[in-house]
Amino acid sequence: MMKKIEAIIRPSALRAVLDGLKAVGYPGVTVAEVQGHGKQKGITESYRGQSVEGLLPKLVVTAVVGDKQVKKVVNIIVKTARTGEIGDGKIFVSPVSDAIRIRTGEKGEKAV
Amino acid sequence: MMKKIEAIIRPSALRAVLDGLKAVGYPGVTVAEVQGHGKQKGITESYRGQSVEGLLPKLVVTAVVGDKQVKKVVNIIVKTARTGEIGDGKIFVSPVSDAIRIRTGEKGEKAV
Amino acid sequence: MMKKIEAIIRPSALRAVLDGLKAVGYPGVTVAEVQGHGKQKGITESYRGQSVEGLLPKLVVTAVVGDKQVKKVVNIIVKTARTGEIGDGKIFVSPVSDAIRIRTGEKGEKAV
Amino acid sequence: MEFSRLGVRLGWKTAALAAAGFSLLGTVPAGAQQAAPAISAGDTAWLLVSAALVLLMTPGLAFFYAGMVRKKNVLATIMQSFILIALISVQWVIWGYSLAFGPGKSFLFGGLDWLFLKHMPDVSPLAPTVPHYAYMIFQAMFAIITPALICGAYAERLSFKGFVVFSLLWATFVYDPIAHLVWGGGYFGSLGALDFAGGTVVHMSSGYSALALALLLGKRKGYGRENMPPHNLTLVLLGASLLWFGWFGFNAGSACAANALACNAFVTTNTATAMAALMWCAIEMIHHGKATTLGAASGAVAGLVAITPACGYVDLVGSLWIGAIVSLLCYTAIQVKIQLGYDDSLDTFGVHGVGGTWGALATGIWALKSINSAGADGVLAGNPGQFLVQLKTVGFTAVYSIALTVVLYFLVDKTVGMRVGQREEELGLDLSQHGEEGYHI
Amino acid sequence: MEFSRLGVRLGWKTAALAAAGFSLLGTVPAGAQQAAPAISAGDTAWLLVSAALVLLMTPGLAFFYAGMVRKKNVLATIMQSFILIALISVQWVIWGYSLAFGPGKSFLFGGLDWLFLKHMPDVSPLAPTVPHYAYMIFQAMFAIITPALICGAYAERLSFKGFVVFSLLWATFVYDPIAHLVWGGGYFGSLGALDFAGGTVVHMSSGYSALALALLLGKRKGYGRENMPPHNLTLVLLGASLLWFGWFGFNAGSACAANALACNAFVTTNTATAMAALMWCAIEMIHHGKATTLGAASGAVAGLVAITPACGYVDLVGSLWIGAIVSLLCYTAIQVKIQLGYDDSLDTFGVHGVGGTWGALATGIWALKSINSAGADGVLAGNPGQFLVQLKTVGFTAVYSIALTVVLYFLVDKTVGMRVGQREEELGLDLSQHGEEGYHI
Amino acid sequence: MEFSRLGVRLGWKTAALAAAGFSLLGTVPAGAQQAAPAISAGDTAWLLVSAALVLLMTPGLAFFYAGMVRKKNVLATIMQSFILIALISVQWVIWGYSLAFGPGKSFLFGGLDWLFLKHMPDVSPLAPTVPHYAYMIFQAMFAIITPALICGAYAERLSFKGFVVFSLLWATFVYDPIAHLVWGGGYFGSLGALDFAGGTVVHMSSGYSALALALLLGKRKGYGRENMPPHNLTLVLLGASLLWFGWFGFNAGSACAANALACNAFVTTNTATAMAALMWCAIEMIHHGKATTLGAASGAVAGLVAITPACGYVDLVGSLWIGAIVSLLCYTAIQVKIQLGYDDSLDTFGVHGVGGTWGALATGIWALKSINSAGADGVLAGNPGQFLVQLKTVGFTAVYSIALTVVLYFLVDKTVGMRVGQREEELGLDLSQHGEEGYHI
Ligand SMILES: Nc1ncnc2c1ncn2[C@@H]1O[C@H](COP(=O)(O)OP(=O)(O)O)[C@@H](O)[C@H]1O
Ligand SMILES: Nc1ncnc2c1ncn2[C@@H]1O[C@H](COP(=O)(O)OP(=O)(O)O)[C@@H](O)[C@H]1O
Ligand SMILES: Nc1ncnc2c1ncn2[C@@H]1O[C@H](COP(=O)(O)OP(=O)(O)O)[C@@H](O)[C@H]1O
């Protein structure tokens, strides 16, 4: 079985996270730009005196890995993305029932 | 256990949804820009006479919450995002097996 | 029960995948722009002599469908998105515990 | 220098007579050392360049506005300005210039003698050292940008068809008459109203019409409930920069010659603009703790607006005051708008209406005959009468613009329709009006 | 006014003689009231500004094109235009200007006497009131933008190296000869062909070469199967705006003096452009129910193209017709292209080829000696012969451009290679050719 | 031509005397055929246009820089340039112009006689054919862009307040004195230093100050660990294009007249720029296998910088060499920077410092009296002494700029503070300094 690891991180941590993952052999990742809001409040922006509550830019790094690798991968992300300040982000792990490599049609864990 | 709630909404509903969630104590959200297609068909665009089928801009609001809060959160989103017109969007709920707060390393429900 | 099918594809395959899905009656999709890295390495970019490892642009096409349709949908995506070259992408299938149509409040499989 | 805005001071007919006199009788007006001024290549070069600069202002405005709207309306907003370049360029050469500057006796219009630019003398008395075509096309650019300014008020909710019809009528029945009255030989020009480059003609006319339209159209769907921050501020800053750049043609070009008066207008324009940008930032610092980029751009535009009528009549010190005060007024006006809750979406009234009014009145305060002998002294130089003349012109322009806008609004609304439907507005004007999207994956 | 395009009418050598005559013998050509015209600061200012404006057109074109391609090719598309500014600027001062405008007896080339701009007289007879350097650099900007126009045809699939080599050869063996033949004292100039600012020299040469290249290169990978909508229409509109702005230098600058002729060219340029933008929108309304922003911009560019050869020879009414008709022709041409299924990606042929041809022929229809005494009357003024002269020039330009392009294509394709590989095309030219991406997270 | 940079050659006081002589005594300097030159509309048109062009360069620079930073700092980077237009425009008319160009006897400053532009003669001896206001405002634009150039060094980490205070002090205590020393009648001008449009005054002063600041401020958070690619290269290319366009005003405008010297400056500027862009691409091809768009833009800017002091003194061949070599020097300097690991974020020193130094020295190599009789011959024309004069000026400018920057840095850092806190830097300057974001959903 496999898991999807979604790490919401600071944009500035991307390089470190990717390098960390690659160093231990997990090159397969997908990165998306998002905006978020958590303990770290968005900042109040002001446009011609009209206030707007802004969200903060974050990145979601998604890696699907086999169940056994989850811990290792999570640890690497925590290590490389942590600054210790509010806003470091979250990692969510969720079940994946199948994976398919489009190029070959391979299925399951060998496809990730 | 936790669930991931992904709500695909109209961009114009964002403020209401976020305010609604915050009002009941769920500030942790991640928002992504996407495009979509459902019952509400995309519109046909035309560039120098060449037609292109366009998708419509939507936002995905993701919130991971404890199992018990799912209903409440879903209800709030439905209430704040509904206009009653085609195109209001969907909410998908899916299982999350773990959550980790990067800053502290905390795990599980207290991390969300 | 339902499944979420997330297909990470080349941007150039979008039209074919969407048309393929529509042809068999699955118009409900959400598309997001992402960047990724897999077997197909990112390319090294260079800015004033400073090297940067780039990710490659991909699209994620997400469709939530009933369990029974998963196979069919996956097959269509594989067929329409495949070029046979490295970089064709992956499809991940994961469980969805509930779906809600915001407009009507309908739940479950009839909402997707 | 004395010839440049001669018509403004003497009224068009007197100027025409005087100009005719140059060649026929060889008489010279006071202050002129030579007979009929010949066409000057230097002045012509300057006016053609100025016309090109003013043309660029309209795309500049398009980007300034388009960056401020939501993504789904970016193209429609650009399109409003862009298509006006096309529409009014044609309107102007066919009938607009004739209505505004042509010879004739009616109060509101010059007449129809110059339809299709026929029967025009080779040189206009309003710009005696350049070919008439140069002056005509320079003025065309003013006629173009004025209705485009109004776009800020109805952004994100006007139907394209309604917009086109309204704008064409507005150009013909609001802009052309006011241009005639102030510059083209009409009543306010003869009265001695000072408006060097369009404080009343351009900014007040569009600003007050904008106010009327904002009230008539009502708020954008979701206004007050949704966030509507500018979708792309780099576009706003690009627009503001092109406006600042092009405005040198607008203001210094209005001297219609590359002379000392043009240089004065250039310097006062730059100074007031700079001062207004600084002031807007200072006000924001006090009010919110932070100066914003949008604020600096808004201040600059407010400064440009306010100095427009004054630039060829006031000196450096006058321009510093005019620029400093306009930001205070416009910023306040916008905060009041937020309180009142009407939706002048991109603040056309707040900036052009208020700034234009201030500029027109300030001209009556700081004007100096020593800067422009064809002008007049203002209050500070001991001539309070000038302020009254300015006040009259200001009052008329505001009332006339609002009144006509209301009439035209109902006319167009009942026929082609002004506001788009709810669904179209929700979808965005780019898709609903033009079948396009600004940005694609 | 009479001097401006003297060479076009009299042939370069006659003009040179005449100019020489000014100073040596004191004789005056018909219509000139004075001896050798002196350098005029006003004319020089105008020509330098015009040169700067035309320079800006090439980045304008870059953005116009770059907004239309897919995101992965945005930089490569900008780069094609940008690097041509550099490449042709150097080519022109080293050998291009000499080939096109230098003295010499060969049919296709002016000669090599002016390599590195050596041995040039201080003043060109083609622009007798400005320093020769001003005319040379003004012409340089035309030589730059012409090969850049072709980029639209091979967008998204040409290798950078192939592009550079092809463009350099094309500039030397296609542009320089045609410029020589029409403007530089060559055959068509002597024949009396009218091309005020480059309908044949600039737009037809690039447009027909574009057609040949589109056919030779084949379609983009995925063309017809993938959607390829413009990735950023604000960029397209920025480009179109800079083009409109810069084109005043292109067309009105081609009078080489800040005189009434320049004013006429300025006004006809603006009018035809406006008319064409309106027409394109009208056609879209009828065809699709909606006017588009891309359509307005495309129409404007088509109008600019069509009026280019005509602007200094036709009057206002002519410009209205030329602008109105060009949109009909170009729009139709593009629909035909879609039917035929070849891939002139950004419609260089559809706009510049078709529009340039129309403009050149239309000049033969609406030209008036009363507008430009150095020109000629056209069909409507009772001189059908002029249309034949135009037709000859048009025919030659089309055939020569296509023929040479085919030769150069094979030459470059066999050596450095023209089209990128499939994988590079899929990856996008930004990454594969330049190792860069336009936008980063 | 001989008058244009008279002051540079003769020293301001001599020039003033000479100019006075024109009207008082009727004496004529060698080479002048007439008495006191009259105001020329052509020259005035050219200088006003040039001033507008140079104004546009600062937004151009803003976009050039803003495209290179990360998204979260895009507005702050634009704001730095934009607010300097406002700030220095006001500083200049109040005291800057007086300090730099006013009459006075002190070494570093002109004096305070012209505060608020009072007591200025109608015409400056440095630009005797245009109104003094035209020359003053043209110079204002130089004073604006110079501190804006430094922004590249401290990008993404300077506090807005610190930036404003530092820039105002820097303009007053670094720019104004150097402008005085070289152009305003000061020591280096009298010595015969050649700096046509600002190689030392503009580019070296900002470039060396940038180096000092980069070292004093330290690296950006994450520099070397994070990727920091340009977030939007289309913006960079837009900026580079506006810079190239505007630079014609900067360089050819510095002739202060629309004459043959302006044409020479225009042509050498374009040629050196083109050559440098090509060279940068060639170097990249050799070094990395691929030419980049950023490289072409960087090369162009380097070429513009290098030719700035030389453009009115060297001929075409000189400009080709100056352009070709500057890219080699700047590219190398940037690679060295990467090795040394300091963070001159956008390479202000690497491009403006190095390129400005090269340009100033190259002027001493390739200058020709035959191009500009008010100039001097350089090494290649047999006058090695000129190189020494250039060297002195270069040395002084570098040392003075660095020394004063260090002093001002500590002054401002101890009072308002220069660098933002870690969290603010992480958050981005747009949010932390201005409470805005560049792009919204
Ligand atoms: N419950 C949640 N669901 C979805 N996204 C979340 C949730 N909590 C946090 N996030 C995302 O993580 C980001 C960082 O969260 P934050 O609470 O600031 O981090 P920290 O763990 O340092 O308190 C947020 O901006 C948001 O995008
Ligand atoms: N089955 C699905 N899978 C993934 N996304 C979907 C699905 N159905 C709808 N969506 C997303 O939801 C958006 C709104 O759907 P739509 O069918 O228009 O709403 P409604 O519920 O009003 O019919 C779509 O644009 C698409 O992004
Ligand atoms: N394990 C993974 N987790 C998340 N995303 C992945 C994973 N593997 C691949 N991807 C995504 O799929 C894209 C294509 O992967 P790639 O390995 O190049 O395809 P293939 O080898 O199957 O042809 C990548 O760019 C990345 O976005």
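Every chain is numbered from 1 and lettered A, B, ... according to where its sequence line falls, protein lines coming before strand lines.
For the set F:L87, F:I39, F:L53, the count of heavy-atom pairs under 4.5 angstrom toward chain D peaks at F:L87. Interface remark: of the candidates D:G303, D:A45, D:A296, D:A277, D:A296 forms the most heavy-atom pairs closer than 4.5 Å to chain F. Chain F forms more heavy-atom pairs under 4.5 Å with one residue of D:L235, D:L233, D:L242 than with any other, namely D:L233. For the set F:A140, F:A134, F:A52, the entry with the most heavy-atom pairs within less than 4.5 Å of chain D is F:A52.
Of the atoms belonging to D:L238, heavy atoms from both backbone and side chain fall under 4.5 Å from chain F. Neither the backbone nor the side chain of D:A41 comes within contact range of chain F, judged by heavy atoms closer than 4.5 Å. Neither the backbone nor the side chain of D:V236 comes within less than 4.5 Å of any heavy atom in chain F. Residue contact with chain F, scored on non-hydrogen atoms closer than 4.5 Å, is absent for D:A276. For F:M141, the part lying under 4.5 angstrom from a heavy atom of chain D is the side chain only. With a threshold of 4.5 angstrom between heavy atoms, F:V93 approaches chain D through its backbone and through its side chain. Residue contact with chain F, scored on non-hydrogen atoms closer than 4.5 Å, involves the side chain of D:F248 exclusively. For a residue to count as touching a neighbouring chain, one of its non-hydrogen atoms must lie under 4.5 Å from one of that chain's; by this rule D:L47 does not touch chain F. Both the backbone and the side chain of F:L48 come within contact range of chain D, with heavy atoms under 4.5 Å apart. Contact annotation for F:F116: both backbone and side-chain heavy atoms come within less than 4.5 Å of a heavy atom of chain D.
To the nearest 0.5 Å, atom CZ of residue D:F245 and atom CE of residue F:M57 are 12.0 Å apart. Residue F:I94 holds its CD1 atom at 6.5 Å from CE of D:M275, rounded to the nearest 0.5 Å.
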Show the pairs of one donor and one acceptor atom, one from chain F and one from chain D, lying under 3.5 Å apart.
unit_1 : atom_1 : unit_2 : atom_2 : d
F:S89  : OG     : D:N270 : ND2    : 2.9
F:H434 : ND1    : D:A291 : O      : 2.8
F:E436 : OE1    : D:T293 : N      : 2.7
F:E436 : OE1    : D:T293 : OG1    : 2.8
F:E436 : OE2    : D:T293 : N      : 3.3
F:E436 : OE2    : D:L294 : N      : 3.0
F:G438 : O      : D:L233 : N      : 2.8
F:H440 : N      : D:H231 : O      : 3.0
F:H440 : ND1    : D:P230 : O      : 3.2

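Between D:A300 and F:F82 the shortest heavy-atom distance is CB-CZ, 4.1 Å.
Counting heavy atoms from C-beta on, the side chains of F:I83 and D:C281 come closer than 4.5 Å.
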